[in-house]
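First the proteins, then the strands, lettered A, B, ... as listed; each starts at 1.
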Number of protein chains: 2
Amino acid sequence: MFVQNPSIDEAVRIINSGRKRGVVVVVGICEVVYSGRAAATLKPGRRLVIVKRDGTLLVHEAEKAQPKIWNPPGSSTAAYVEGGRLVIKSVRSRPFESVRVYFSSLDFVAAFDVETSELELVGSEKDVVEALVKAPWLIEEGLEVVGVEVPTDVGHIDILARDREGRHVVVEVKRDVATHDAVFQLARYVELYRKRGERARGILVASDITAAALEYLRRYGLEFVKVNPRELMASINKKVG
Amino acid sequence: MFVQNPSIDEAVRIINSGRKRGVVVVVGICEVVYSGRAAATLKPGRRLVIVKRDGTLLVHEAEKAQPKIWNPPGSSTAAYVEGGRLVIKSVRSRPFESVRVYFSSLDFVAAFDVETSELELVGSEKDVVEALVKAPWLIEEGLEVVGVEVPTDVGHIDILARDREGRHVVVEVKRDVATHDAVFQLARYVELYRKRGERARGILVASDITAAALEYLRRYGLEFVKVNPRELMASINKKVG
DNA sequence: TAGTACATCTCGGGC
DNA sequence: GCCCGAGGTGTACTA
């Protein structure tokens, strides 16, 4: 169901009724006004506007992955006519944010029966942690896992373990390049034990680490173990079947 | 330039040539395979696929603001025919990631002369910092700004100042609710001075703060000043004109 | 609902 | 190109 060079009334009808079926796509020359936590306006230009059935509004341009202006799911989005122009207005309540799209000309309007499906993603940090729990020897020989996602006063410890000498080992996992933030995070956890006078080691497990982060790591007496998430997943799948 | 129920050859032509002009929109039943740092597949379903002239590939469904699958700007994205089916393939080099969209049926293909424009956003953290630099008394009476975005070993200090007693004051600014992360960040900066034996205070400026963050703040001997970004911007505009 | 942490985050600025 | 941090981040999960 779509219309080239639609009349304004047709456009309003398609946007308001077609949206429920899935996704509405509108292309035309428009101004966009955003006002909420911040504020911005887009001068007249041809843009791709998407309205989804969950209230999502996206205003895309010819570059970049992110929409220039948007309102997230749960927004109240609808079309109407004002001063002879098509207007799409979207309002989000908390925090309050409003987006209005004023069309001066319409190239195209269409509603599509697009659906939503489940995505099973493999390789997220959670998967990496799970894999390491199953194969802690990949971090260090003789490591015994004591806990996963252990809550502390200053955040969650990804993996808590004991080494062969019975020392606490805090393991912080990053699926890609670790920055100094990860080091400070790890340092906070290790500090909890060291303050209590207990011997504790900290190991940062990541696919790589920035030079600055590595320096801090050494300074704090922490360790780095390089683990490639892809290879890790592969080796685990091989082992486990 | 658009075609309903296009032939596969038409679709390939429109996608590969029309993309350069701006944005190509394809709707049809497709399977999607993503493989890279992580991996995922989408079972056959009707989806909205967008190809941008900068190589961006977006696979959208009927809900959520984010695409289910995507490849960012700079990817090599192109269409071709394989086994009688339209395939859109997108490859990103570093890190390597590949997305392939296999269409079993096509509802719609179109290329639009969408452009890109400049967005002037008002109310970002940078704006808040600038406003506070102009009106430091809103943080504390008698505060003298010494530096902005001051680089340190552990990150950039938003605002560096001196109080009436000549003490260093590190100001960390968050435009919305500050979490414990902001506190730890601030603590890192203040620690730099305190370690050197210099007296230093730390002030977290934000529109609000979580209970947990406030507790850490007190524990570290740091302070919180509530500043509403919108009111701040308004008051500054009034003052400055 | 608020708080927390992850994301194939994306994006822009600095060096 | 790497590094770093903000983002109107969005998204899922949990208490």
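Between B/H180 and the phosphate of C/dA5, there is a side-chain N or O to OP1/OP2 separation shorter than 4.0 Å. In this structure, A/K174 does not reach the C/dA7 phosphate: none of its side-chain N or O atoms is under 4.0 Å from OP1 or OP2.
The residue A/V154 sits apart from the nucleic acid: no heavy atom pair falls under 4.0 Å. At a threshold of 4.0 angstrom between heavy atoms, the contacts of B/R230 with the nucleic acid are absent.
Comparing A/D158 and B/A211 against DNA chain C, the residue whose closest nucleotide sits nearer the 5' end is B/A211. Comparing B/R94 and A/A212, the nucleotide of DNA chain D nearest to each residue sits closer to the 5' end for B/R94.
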Quick test: give all pairs of protein nitrogen or oxygen and nucleotides 8-12 of chain C nitrogen or oxygen below 3.5 Å, distance rounded to 0.1 Å.
from, atom 1, to, atom 2, distance (Å)
C/dT8, O4', B/Y34, OH, 3.1
C/dT8, O3', B/R37, NH1, 3.2
C/dT8, O3', B/R37, NH2, 3.3
C/dT8, N1, B/Y34, OH, 3.3
C/dT8, O2, B/E97, OE2, 2.8
C/dT8, N3, B/W70, O, 3.2
C/dT8, O4, B/W70, N, 2.9
C/dT8, O4, B/W70, O, 3.3
C/dC9, OP1, B/R37, NH1, 2.3
C/dC9, OP2, A/R175, NH1, 3.4
C/dC9, OP2, A/D176, OD2, 3.0
C/dT10, OP1, B/W70, NE1, 2.8
C/dC11, OP1, A/A65, N, 2.8
C/dC11, OP1, A/Q66, N, 2.9
C/dG12, OP2, A/K64, NZ, 3.4

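If you take NZ of A/K126 and C1' of C/dA5, they are 13 Å apart, rounded to a whole angstrom. Following rounding to the nearest Å, A/L57 (CG) and D/dG10 (P) show an atom-to-atom distance of 13 Å. Here the C1' atom of nucleotide D/dG10 and the CD atom of B/E61 are 16 Å apart, to the nearest Å. Atom CD of B/E172 and atom P of D/dC4 are 16 Å apart (whole Å). Remark: P of C/dC15 and CD of B/E149 are 12 Å apart, rounded to the nearest angstrom. Between the CD1 atom of B/I157 and the C1' atom of C/dG14 there is a distance of 17 Å, given to the nearest Å. Between B/E215 atom CD and C/dG3 atom P the separation is 14 Å, expressed in whole Å. B/I209 places its CD1 atom 13 Å from the C1' atom of C/dG3, with the value rounded to the nearest Å.
Taking a cutoff of 4.0 Å between a charged side-chain nitrogen and a carboxylate oxygen, A/E140 and A/R201 qualify as a salt bridge. Here B/K134 does not pair with B/E130 in a salt bridge; the nearest charged N to carboxylate O distance is not below 4.0 Å. Ion pair A/R47/A/E61 flagged as a salt bridge, since at least one NZ, NE, NH1 or NH2 atom sits closer than 4.0 Å to an Asp/Glu carboxylate oxygen.
Taking NZ from B/K43 and SG from B/C30, the interatomic distance works out to 14.0 Å, rounded to the nearest 0.5 Å.
By the 30° and 60° cut-offs, the orientation of the rings of A/H180 relative to A/F184 is tilted.
Across the P atoms, D/dG8 and C/dT4 are found 22 Å apart, a figure rounded to whole Å. On the P atoms, C/dT8 is 22 Å away from D/dC4, given to the nearest whole Å.
The one candidate from B/V177, B/L204, B/T179 that meets the side chain to side chain contact (heavy atoms under 4.5 Å, CB included) condition with B/I209 is B/L204.
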query = Step by step, would you call B/V32 with B/K68 a side-chain contact (heavy atoms from CB on, under 4.5 Å)?
reply = CA-CA 10 Å; B/V32 188; B/K68 261 284 169 32; over 6 Å; no
